[in-house]
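Since the structure comes first, as structure tokens, the remarks are kept for the end.
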Amino acid sequence: MNSIIPQIVANSIIAGSLYALVGLGFFMIYRTVKFFDLGYGALTAFGGYMMYWLLTLLSVPTYIAIIGTLLLTAMLALIMNRLVYRPLRARGSSNMVLLVASLGLFTAIQAIIAILFTSQFKTITIRSLQETVTLFGAFITHTQLLMIAVTIIVFIGLSVLLRMTRFGASIRAIGDDEEVAKIVGVNTKNIVSWVFIIAGAIAGTAGLLVGLDTGIEPTMGMQLLLKAVIAVIIGGVGRMYGVVIGAFLLAFIENIAVWHLSGEWKDVVAFSVLILFLLFKPKGITGA
Amino acid sequence: MDYIIHLFILIGIFSILGLSLNLVIGYTGLLSATHAGFYGIGAYAVAILMKNTGMNFFIALLLSIVITVLSALVIGVVLSKFKDDIYALGSFGFAIITYGLMLNLQGVTRGPLGIPGIGRPELFDISFSTNLTFLILTLVLAVLVWWMTRYITRSSYGRVLQAIRENEKTIQFFGYTTYWYKLSIFMISAGMAAIAGALFATYITFIDPSSFTLIESIFMIAMIILGGLADNRGAIIGVIIMILLPEFLRFVGFPTEVAAQMRQVIYGLMLVVMMLYRPQGIYGKFKF
């Protein structure tokens with residue numbers, strides 16, 4: 001019985017890192033433009049498929065494939081912002097209009113991926129990342145270690161960016177009041193574009209890591225997106241470290257539940273957690 | 001000819017779904033994605049009652065409406081506390097929980113295997129086993145639902161719903177407990193979705209959880225947004241366009257797998273384009 005606990009802890013940490021990574025990108029967008037961008041989910045799937053396309057189908061060298069994936073995903077995020085979100089926001093559309101539009105983008109992009117690459121489950125293999133190490137009696141693959149490391153780097157990077165740079169101050173200003181930010185001379189259009197580029201690259205990273213770890217299918221985006229949303233909400237919508245806490249809390253609850261029930265109940269448990277938080281602690285753990 | 005009757009039956013079933021969802025989304029302004037869940041609960045209730053107890057369709061229909069309305073009560077008690085994007089998000093959660101239960105409560109629903117061999121409805125000596133007679137039954141029920149929604153929306157109760165949509169705070173100042181209004185319309189709408197579910201189950205004579213996913217809810221949302229929110233004609237027009245449009249794709253000669261995905265692309269882009277250029281839909285009186 002005891003021998004299974006290290007593995008559950010390890011699985012929770014791995015899943016928590018992934019949710020945190022996806023959640024951080026989602027949070028960046030939400031922090032700046034204040035609507036739930038569901039299209040972000042499609043970006044993660046898109047990232048996974050671009051990696052598959054570049055690495056497996058075109059046999060491009062690994063590093064170039066990774067950079068290519070990030071660039072392509074960031075570009076798609078930028079295009080989505082330019083063509084849909086920016087015009088809607090300029091018109092002062094409500095959050096609900098943006099939510100529905102982003103839902104439309106999500107549905108369309110997911111289906112286009114399925115048309116281009118079929119809806120079959122696909123795996124991406126980099127041989128050196130498949131090896132396993134044993135830590136405190138738990139098995140962890142190199143991919144999963146990479147996932148944890150990337151999440152830490154992204155978290156630190158974003159923290160520095162948001163707290164210590166002029167760019168970060170601008171993001172916070174837009175998040176607080178876009179009109180006032182514009183008046184005091186923040187180039188809001190430019191900043192928002194960059195937010196989408198950064199969030200897109202994070203989504204791409206998460207997508208390709210999922211591809212390396214478990215594999216990809218066109219519907220993976222919704223899964224990741226919803227887990228990220230849950231992490232953001234239970235962590236407390238206002239704070240970035242809240243996202244990370246929320247992500248790990250969600251991952252631990254899920255994995256403990258799976259241990260007692262079975263794998264199929266994971267989503268039911270995750271969303272029950274969301275509903276409970278919305279009901280009893282709508283401001284999340286950090287309560288911002 | 002059979003093909004045309006088939007399309008009309010689908011239009012009938014989805015009109016019931018569109019009209020009932022319009023009560024919640026269009027008239028009350030609450031973006032609910034749980035509708036496919038209620039559609040599914042209704043379908044499963046009828047299928048299980050008819051197969052396991054040999055119950056007559058019409059008695060099973062009444063019971064399934066009761067069961068679905070009670071499920072809506074459980075969900076609505078939580079959901080009615082929210083509004084706007086949090087309401088939408090909560091409803092996403094419930095859609096996924098409902099789907100998860102259909103998939104995992106295998107003792108009741110047989111999980112992914114689905115329930116085959118559901119009988120067609122019968123009433124005394126009349127059997128609705130041919131598609132033509134089934135179409136007549138569908139249309140009769142659809143007209144009934146049309147008439148009920150018309151009655152509801154033109155009553156004083158309906159006007160309170162529209163006031164909630166326009167400004168929930170203000171109507172609260174006038175002494176209306178908006179919570180009860182939001183909860184009751186959610187339950188009424190779910191009961192109507194159960195009728196559609198019952199028709200679907202006995203028409204196709206086979207059901208499995210894949211017909212009642214979150215994506216299915218998104219299709220329904222796309223239908224009524226296209227036709228127009230808060231307008232019965234709009235809901236029907238939206239349903240007709242959205243059912244017929246993908247059928248043309250089959251004539252153009254796309255393979256089945258691609259045609260199914262193309263349907264999603266069209267639905268998704270439709271949402272985006274409507275939000276950008278005509279957020280109130282073709283006939284609608286309300287936009288988010």
Side-chain angles (χ1 to χ4, degrees), chain A residues 30 34-36 38-39 42 80 83-85 87-88 91 93-116 118-119 218-219 222-223 225-226 229-230 232-233 237 261-276 278-279 282, chain B residues 25 29-31 33 75 77-79 81-90 92-101 103-106 111-112 213-215 217-219 221-222 225 254-255 257-277 279 287-288:
Chain A
Y30 186 78
K34 294 284 185 246
F35 72 91
F36 288 114
L38 302 180
M80 281 160 64
L83 292 184
V84 181
Y85 301 147
L88 282 177
R91 215 176 294 161
S93 299
S94 68
N95 278 357
M96 296 302 280
V97 168
L98 284 153
L99 183 80
V100 173
S102 73
L103 186 62
L105 280 176
F106 170 84
T107 315
I109 293 171
Q110 175 179 304
I112 290 169
I113 291 174
I115 291 172
L116 293 177
T118 78
S119 20
T219 51
M222 186 54 101
Q223 283 289 329
L225 170 79
L226 291 172
V229 176
I230 298 176
V232 169
I233 287 182
V237 177
L261 298 161
S262 71
E264 296 90 52
W265 289 97
K266 209 162 153 182
D267 287 346
V268 177
V269 169
F271 286 94
S272 306
V273 171
L274 171 71
I275 304 286
L276 287 176
L278 285 177
L279 262 184
Chain B
I25 299 186
L30 302 165
L31 185 65
I75 295 174
V77 161
V78 180
L79 219 46
K81 295 191 174 183
F82 310 129
K83 58 178 186 177
D84 294 344
D85 39 11
I86 297 293
Y87 189 99
L89 223 53
F92 271 61
F94 280 116
I96 289 178
I97 292 174
T98 318
Y99 173 71
L101 291 177
L103 207 57
N104 296 327
L105 288 177
Q106 300 195 351
T213 55
L214 182 60
I215 284 283
S217 284
I218 296 171
F219 288 163
I221 294 170
I225 284 182
F254 284 111
E257 153 88 354
V258 176
Q261 299 296 345
M262 281 302 282
R263 192 169 87 121
Q264 292 195 28
V265 176
I266 291 176
Y267 280 31
L269 290 182
M270 187 79 83
L271 281 178
V272 177
V273 170
M274 292 312 282
M275 286 302 109
L276 276 171
Y277 300 108
K287 54 185 177 188
F288 283 116

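Quick note: numbers below take in every heavy atom, side chains included, and nothing from hydrogens, waters or symmetry partners. Every chain is numbered from 1 and lettered A, B, ... according to where its sequence line falls, protein lines coming before strand lines.
- Rounded to the nearest 0.5 angstrom, B/Phe82 CZ and A/Leu278 CG are separated by 4.5 Å.
- With chain A as the partner, the residue from B/Val265, B/Leu271, B/Ile97, B/Asn104 showing the most heavy-atom pairs under 4.5 Å is B/Asn104.
- Rounding to the nearest 0.5 Å gives a distance of 5.0 Å between CZ of A/Phe36 and CG of B/Asp85.
- Screening B/Leu79, B/Leu89, B/Val78 for a side-chain contact (heavy atoms from CB on, under 4.5 Å) with A/Ile275, the sole residue that qualifies is B/Val78.
- Using a 4.5 Å cut-off between heavy atoms, A/Ser272 contacts chain B through both its backbone and its side chain.
- Of the atoms belonging to A/Leu99, it is side-chain heavy atoms, and not backbone ones, that fall under 4.5 Å from chain B.
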Output, in order, the C-alpha distance, side-chain angles, deciding distance and verdict of side-chain contact (heavy atoms from CB on, under 4.5 Å) for B/Leu276 and A/Arg91.
CA-CA 10 Å; B/Leu276 276 171; A/Arg91 215 176 294 161; 4.3 Å; yes
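- Considering CG of A/Leu103 and CE of B/Met275, their distance stands at 10.0 Å, rounded to 0.5 Å.
- Heavy atoms closer than 4.5 Å to chain B are found in the side chain of A/Val229, but not in its backbone.
- A distance of 4.5 Å separates CG of A/Leu226 from CD1 of B/Ile96, quoted to the nearest 0.5 Å.
- Heavy atoms closer than 4.5 Å to chain A are found in both the backbone and the side chain of B/Met262.
- The side-chain contact (heavy atoms from CB on, under 4.5 Å) test with A/Val100 singles out one residue from B/Ile25, B/Val272, B/Leu31, and that residue is B/Leu31.
- Only the side chain of B/Leu214 has a heavy atom closer than 4.5 Å to any heavy atom of chain A.
- Rounded to the nearest 0.5 angstrom, B/Leu103 CG and A/Trp265 CH2 are separated by 9.5 Å.
- Both the backbone and the side chain of A/Ser119 come within less than 4.5 Å of a heavy atom of chain B.
- For A/Leu279, the parts lying under 4.5 angstrom from a heavy atom of chain B are both the backbone and the side chain.
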Derivation and outcome, side-chain contact (heavy atoms from CB on, under 4.5 Å), residues B/Phe92 and A/Leu225:
CA-CA 12 Å; B/Phe92 271 61; A/Leu225 170 79; over 6 Å; no
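- In terms of heavy-atom pairs under 4.5 angstrom with chain B, the leader among A/Val269, A/Thr219, A/Leu83, A/Thr107 is A/Thr107.
- Contacts of A/Leu98 with chain B are absent, with no heavy-atom separation under 4.5 Å from either backbone or side chain.
- With a 4.5 angstrom heavy-atom cutoff, A/Ile233 touches chain B only via side-chain atoms.
- Only the side chain of B/Ile218 comes within contact range of chain A, with heavy atoms under 4.5 Å apart.
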